[in-house]
Undergrad: 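So that we are looking at the same thing, I have put the structure below in structure tokens.
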Amino acid sequence: MKITKNRYLLGFTATVTFLALTRLVFPGIAKPLGSTAKIAVEHDTAHVATTPVSAGGANTKMATRWYKSDGSLVKNRIFSVPSFKNTFPDSNSVQMVAARKYGVSPVMDRNEAEMRVKELVYVGANPFFHVDKLNNSIPYLVPRASILLQDIGRAFYDSLTIKGIPLHKLIVTSVLRTKDDVQKLRNRNQNATENSCHLYGTTFDLCYNRYITVEDPEGPARRAVRNDTLKWVLSEVLRDFRQQERCYIKYEVKQGCFHITVN
């Protein structure tokens with residue numbers, strides 16, 4: 001049957017009338033039954049808290065991991081990881097397997113990287129992380145690695161928020177290395193590996209001893225946060241991603257970074 005304008009208006013009027021009569025006969029049906037609060041942290045999706053909240057708020061406790069009974073955020077403790085070296089032990093040989101599986105063939109120089117836009121995406125300014133001045137690499141990653149980097153940055157923000165810590169951006173210190181970049185590194189440092197995971201666009205380094213404070217230009221200055229505190233939070237986030245088998249991670253002491261390859 002074709003629905004004309006008159007038939008639509010007639011049906012709409014009948015529906016509204018029926019609902020109004022139902023509310024008059026059964027007034028209790030209009031009372032709120034409660035809502036469901038769902039707080040999902042991206043780097044800890046296995047522990048989503050779902051708790052009913054009564055309309056009046058009285059005599060109701062929000063037994064969640066992130067919220068108190070009055071609805072305010074719980075400043076969760078920072079546990080960090082037992083050992084950085086033991087938690088993030090993935091060597092270059094381990095990461096190389098994933099790099100070759102998901103990466104591109106090594107790029108000769110920057111000009112070639114710019115020509116391979118179908119395989120590589122540009123990694124630049126972002127709300128969640130800052131790309132440092134790159135002397136030995138260029139800001140390109142395969143899409144899979146770019147998404148991982150975005151997700152880590154977003155999860156880091158979430159973790160800082162639920163722990164009551166002012167927001168800070170992560171700093172990316174190394175991304176895709178061309179063959180020219182690797183050769184220049186080896187000329188200065190004979191210990192630099194010739195077959196780096198960075199050649200494949202699957203790997204990036206996140207600095208753990210420097211961060212950028214996210215400031216409100218019109219608001220008060222943010223309180224200072226120790227770099228060690230931020231490092232502990234970042235280690236929790238990265239441990240979760242590694243346990244989800246989304247990446248391999250090596251804790252680099254001399255370079256002051258987490259060396260990460262997408263999986």
Side-chain angles (χ1 to χ4, degrees), residues 39-48 65-66 76-104 121 123 126 128-132 137 141-163 165 167-177 193 195-211 227-263:
I39 305 93
V41 180
E42 292 199 34
H43 71 273
D44 199 6
T45 54
H47 300 284
V48 177
R65 181 176 175 181
W66 299 289
N76 288 349
R77 290 178 57 192
I78 302 172
F79 293 98
S80 187
V81 296
S83 166
F84 295 116
K85 288 186 178 180
N86 294 337
T87 305
F88 308 110
D90 302 318
S91 64
N92 184 70
S93 59
V94 172
Q95 297 195 29
M96 185 61 68
V97 176
R100 287 173 172 163
K101 179 177 180 180
Y102 298 111
V104 298
V121 295
V123 179
N126 189 281
F128 304 113
F129 57 82
H130 167 77
V131 179
D132 216 0
S137 65
L141 288 171
V142 296
R144 187 185 188 92
S146 176
I147 292 172
L148 173 66
L149 176 56
Q150 296 274 353
D151 289 347
I152 290 174
R154 188 178 294 108
F156 183 63
Y157 262 31
D158 288 345
S159 191
L160 292 176
T161 300
I162 65 174
K163 295 177 189 299
I165 301 173
L167 295 181
H168 287 71
K169 284 186 178 184
L170 300 173
I171 298 178
V172 180
T173 57
S174 185
V175 203
L176 171 69
R177 289 179 187 166
T193 178
N195 194 19
S196 169
C197 295
H198 285 284
L199 284 166
Y200 299 88
T202 56
T203 305
F204 52 88
D205 294 344
L206 291 179
C207 179
Y208 58 64
N209 50 25
R210 290 186 295 121
Y211 302 84
N227 286 336
D228 279 349
T229 299
L230 298 171
K231 178 182 179 181
W232 296 334
V233 176
L234 176 58
S235 70
E236 293 177 358
V237 172
L238 294 179
R239 177 198 57 203
D240 291 344
F241 277 89
R242 185 175 181 273
Q243 288 178 345
Q244 294 166 16
E245 299 184 350
R246 290 196 58 187
C247 58
Y248 293 106
I249 305 174
K250 180 71 166 67
Y251 178 68
E252 300 283 2
V253 178
K254 293 182 179 180
Q255 287 76 22
C257 69
F258 291 107
H259 180 72
I260 304 169
T261 295
V262 69
N263 187 27

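FYI, the numbering just counts along the sequence from 1. Everything numeric here is computed off the predicted structure, so don't read it as measured data.
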Undergrad: Given 3.5 Å as the limit, does a donor-acceptor pair link the side chain of H198 with the main chain of L176, or not?
TA: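 A pair under 3.5 Å: no.
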Undergrad: Please report the C-alpha distance between V123 and V172 in whole Å, then the side-chain angles of each, then the deciding distance to 0.1 Å, and finally whether the side chain to side chain contact (heavy atoms under 4.5 Å, CB included) criterion is met.
TA: CA-CA 10 Å; V123 179; V172 180; 5.7 Å; no
Undergrad: Do the side chains of V175 and L149 get nearer than 4.5 Å, heavy atoms only?
TA: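 Answer no - side chains too far apart.
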Undergrad: I need the minimum non-hydrogen distance between R239 and S80, along with the two atoms involved.
TA: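 Here R239 and S80 meet closest at NH1-O, 3.3 Å.
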Undergrad: Just one of R242, H259, K250 clears the side chain to side chain donor-acceptor pair (under 3.5 Å) bar with D90, so which one?
TA: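 Checked R242, H259, K250 against D90; only one passes side chain to side chain donor-acceptor pair (under 3.5 Å): R242.
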Undergrad: Check for a donor-acceptor pair, side chain of E252 on one end and backbone N or O of F258 on the other, with a separation under 3.5 Å.
TA: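 Such a contact is absent between E252 side chain and F258 backbone.
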Undergrad: Distance from E236 atom CD to K231 atom NZ, nearest 0.5 Å?
TA: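 It is 13.5 Å, given to the nearest 0.5 Å.
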Undergrad: To the nearest 0.5 Å, tell me how far S159 OG sits from I152 CD1.
TA: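 The OG atom of S159 sits 13.0 Å away from the CD1 atom of I152.
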Undergrad: Could you go through T161 and L167, starting from their C-alpha distance and side-chain angles, then the distance that decides it, and tell me whether this counts as side chain to side chain contact (heavy atoms under 4.5 Å, CB included)?
TA: CA-CA 7 Å; T161 300; L167 295 181; 3.7 Å; yes
Undergrad: State whether R154 and D151 are salt-bridged, where the test is any N-O pair (Lys NZ or Arg NE/NH1/NH2 against Asp/Glu carboxylate O) under 4.0 Å.
TA: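 Salt bridge flag = yes for D151 with R154.
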Undergrad: If you count the non-hydrogen atoms of other residues, nucleotides and ligands that lie under 6.0 Å from CD in Q243, is the total more than 12?
TA: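 Counting other residues, nucleotides and ligands, CD of Q243 exceeds 12 neighbours.
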Undergrad: Give the minimum heavy-atom separation between T87 and P82, together with the two atoms involved.
TA: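 That closest heavy-atom pairing would be OG1-CD, 4.1 Å.
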Undergrad: Within the structure provided, determine whether M96 and N195 are in side-chain contact (heavy-atom separation under 4.5 Å).
TA: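 In contact.
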Undergrad: Does some side-chain heavy atom of F156 sit less than 4.5 Å from a side-chain heavy atom of Y211?
TA: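 In contact.
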Undergrad: Quick check on side chain to side chain donor-acceptor pair (under 3.5 Å): which of N92, T202, T203 does T261 satisfy it with?
TA: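 Among N92, T202, T203, the one meeting side chain to side chain donor-acceptor pair (under 3.5 Å) with T261 is T203.
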Undergrad: Quick one: closest heavy-atom pair of F204 and A145, and the distance?
TA: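 F204 and A145 have their closest heavy atoms at CE2-O, 3.8 Å.
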Undergrad: Would you say K163 and I78 make side-chain contact, with heavy atoms under 4.5 Å?
TA: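 Yes, close enough: below the 4.5 Å cut-off.
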Undergrad: How close do K169 and N126 get, heavy atom to heavy atom, and via which atoms?
TA: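 Shortest heavy-atom contact: NZ-O, 3.1 Å.
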Undergrad: Evaluate the side chain to side chain contact (heavy atoms under 4.5 Å, CB included) criterion for residues W232 and F84: first the C-alpha distance (whole Å), next the side-chain angles of each, then the deciding distance (0.1 Å), finally the verdict.
TA: CA-CA 10 Å; W232 296 334; F84 295 116; 3.9 Å; yes
Undergrad: Does V237 reach the side chain of D158, with side-chain heavy atoms less than 4.5 Å apart?
TA: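 No; the side chains remain at least 4.5 Å from each other.
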Undergrad: Test side chain to side chain contact (heavy atoms under 4.5 Å, CB included) on I260 and L148 and set out the steps.
TA: CA-CA 10 Å; I260 304 169; L148 173 66; 4.1 Å; yes
Undergrad: Which heavy atom in S146 sits nearest to a heavy atom in V121, and how many Å separate them?
TA: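 Here S146 and V121 meet closest at CB-CG2, 3.5 Å.
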Undergrad: With rounding to the nearest 0.5 Å, note down the distance linking CD in Q95 to SG in C197.
TA: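 These two atoms lie 5.0 Å from each other.
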Undergrad: Look at the side chain of N263 and the backbone N and O of Y248, then say whether any donor-acceptor pair between them is shorter than 3.5 Å.
TA: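 Absent.
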Undergrad: Looking at T173, I171, L170, which hits side chain to side chain contact (heavy atoms under 4.5 Å, CB included) with L206?
TA: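 Result for side chain to side chain contact (heavy atoms under 4.5 Å, CB included) with L206: L170.
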Undergrad: Side chains of R246 and I147: does their closest heavy-atom pair fall under 4.5 Å?
TA: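 Yes, their side chains come closer than 4.5 Å.
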Undergrad: Which distance, rounded to the nearest 0.5 Å, do you find between the CZ of F88 and the OG of S235?
TA: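 Those atoms lie 5.5 Å apart.
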Undergrad: May I ask you to establish whether K85 and Y251 are in a cation-pi arrangement, using a distance under 6.0 Å from NZ or CZ to the six-membered ring centre and at most 45° from the ring axis?
TA: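 No, K85 does not sit over the ring of Y251.
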Undergrad: If you look at every heavy atom in A99 and Y200, which pair is closest and at what distance?
TA: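 Where A99 meets Y200 most closely, the heavy atoms are O-CB, 3.6 Å.
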